[in-house]
Amino acid sequence: MRLFLALIPPPALRRRLAELAERAHARLGGRRVPDDSLHLTLAFLGERPTAQAEALARWVEERPIPEGEWRLDAWGSFRRPGIVWVGSRTPDRALTELQAALWQDLERHGVAGRPSGFIPHVTLLRRAHRLDTAEMSPPDLAWPYRQLALVRSFTDQDRARYQTLARSPLS
Ligand code: ATP
Ligand code: MG
């Protein structure tokens, strides 16, 4: 199965992110990420055998993460797939440390593919027609978090769907 580790926004924040996606979509076009799919990916694990997915689920269920609050204050984009996102102006230290710590554990579980860089972001649009986010008033949101999710990604009726397989204990 195709797996990733993510933070899932609390409901009130999900609504705010959805409003930002709506604003961005009105200006920049493309395809909005469905509200129920909004997330922050901390590690993309790729395709994993079922037995390993089960071991990873047990690991996540026993691995609390430090509680934190991520401040989202910037728009951003990735040119190639036409992605428009919200994130932070400067890389968030707590998230960067969390990502590094998770990859250390993942490598111990035999998961390779640790990326050389990490830009924490929430994808709002794909295949945007334009990427000029500079004129849009900057976002200002706080994301309080204390739980990690192991998520399976699959395709259903041509739409990417996510299913949470495991959650970390609350810190
Ligand atoms: P689709 O690829 O079908 O459009 P998706 O991108 O939502 O849908 P996945 O490709 O399974 O679904 O990705 C799940 C999460 O992992 C997303 O947040 C995605 O941005 C991220 N991701 C996917 N591939 C990589 C990669 N090679 N490196 C880092 N993150 C990735
Ligand atoms: Mg993808």
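All ligand and atom numbering here is 1-based and tracks the order in the structure. Numbers here are sequence positions counted from 1. Keep in mind the model is a prediction, meaning the values are calculated, not measured.
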Ligand 1: which protein N/O atoms lie under 3.5 Å from its N/O atoms?
| unit_1 | atom_1 | unit_2 | atom_2 | d |
| --- | --- | --- | --- | --- |
| ligand 1 | 6 (O) | Arg126 | NH2 | 3.2 |
| ligand 1 | 7 (O) | Arg126 | NH2 | 2.9 |
| ligand 1 | 7 (O) | Tyr162 | OH | 2.3 |
| ligand 1 | 10 (O) | Arg2 | NH2 | 2.6 |
| ligand 1 | 11 (O) | Arg2 | NE | 2.6 |
| ligand 1 | 11 (O) | Ser153 | OG | 2.6 |
| ligand 1 | 18 (O) | His39 | NE2 | 2.6 |
| ligand 1 | 18 (O) | Thr41 | OG1 | 2.6 |

(message) Under the rule for ring pair (Phe, Tyr, Trp, His ring centres under 6.0 Å), what residues qualify as partners of Trp85, not counting sequence neighbours?
(response) Phe78, His121

Atom pairs and distances, side-chain donor-acceptor, residues 52-69, under 3.5 Å, sequence neighbours left out:
| unit_1 | atom_1 | unit_2 | atom_2 | d |
| --- | --- | --- | --- | --- |
| Gln52 | NE2 | His109 | O | 3.0 |
| Trp59 | NE1 | Asp105 | OD2 | 3.2 |
| Arg63 | NE | Asp105 | OD2 | 2.8 |

Show every donor-acceptor pair shorter than 3.5 Å between a side-chain atom in residues 10-22 and any protein atom, with sequence neighbours excluded, or say none if there are none.
| unit_1 | atom_1 | unit_2 | atom_2 | d |
| --- | --- | --- | --- | --- |
| Arg14 | NH1 | Asp35 | O | 2.8 |
| Glu22 | OE1 | Arg32 | NH1 | 2.2 |

(message) Could you check whether atom CZ of Arg159 has more than 12 heavy atoms from other residues, nucleotides or ligands sitting under 6.0 Å from it?
(response) yes

(request) Working to the nearest 0.5 Å, report the span between CG of Leu3 and OG of Ser153. (result) 9.0 Å

(request) State, without any angle test, whether His39 and Thr41 hold a side-chain donor-acceptor pair at a distance under 3.5 Å. (result) yes

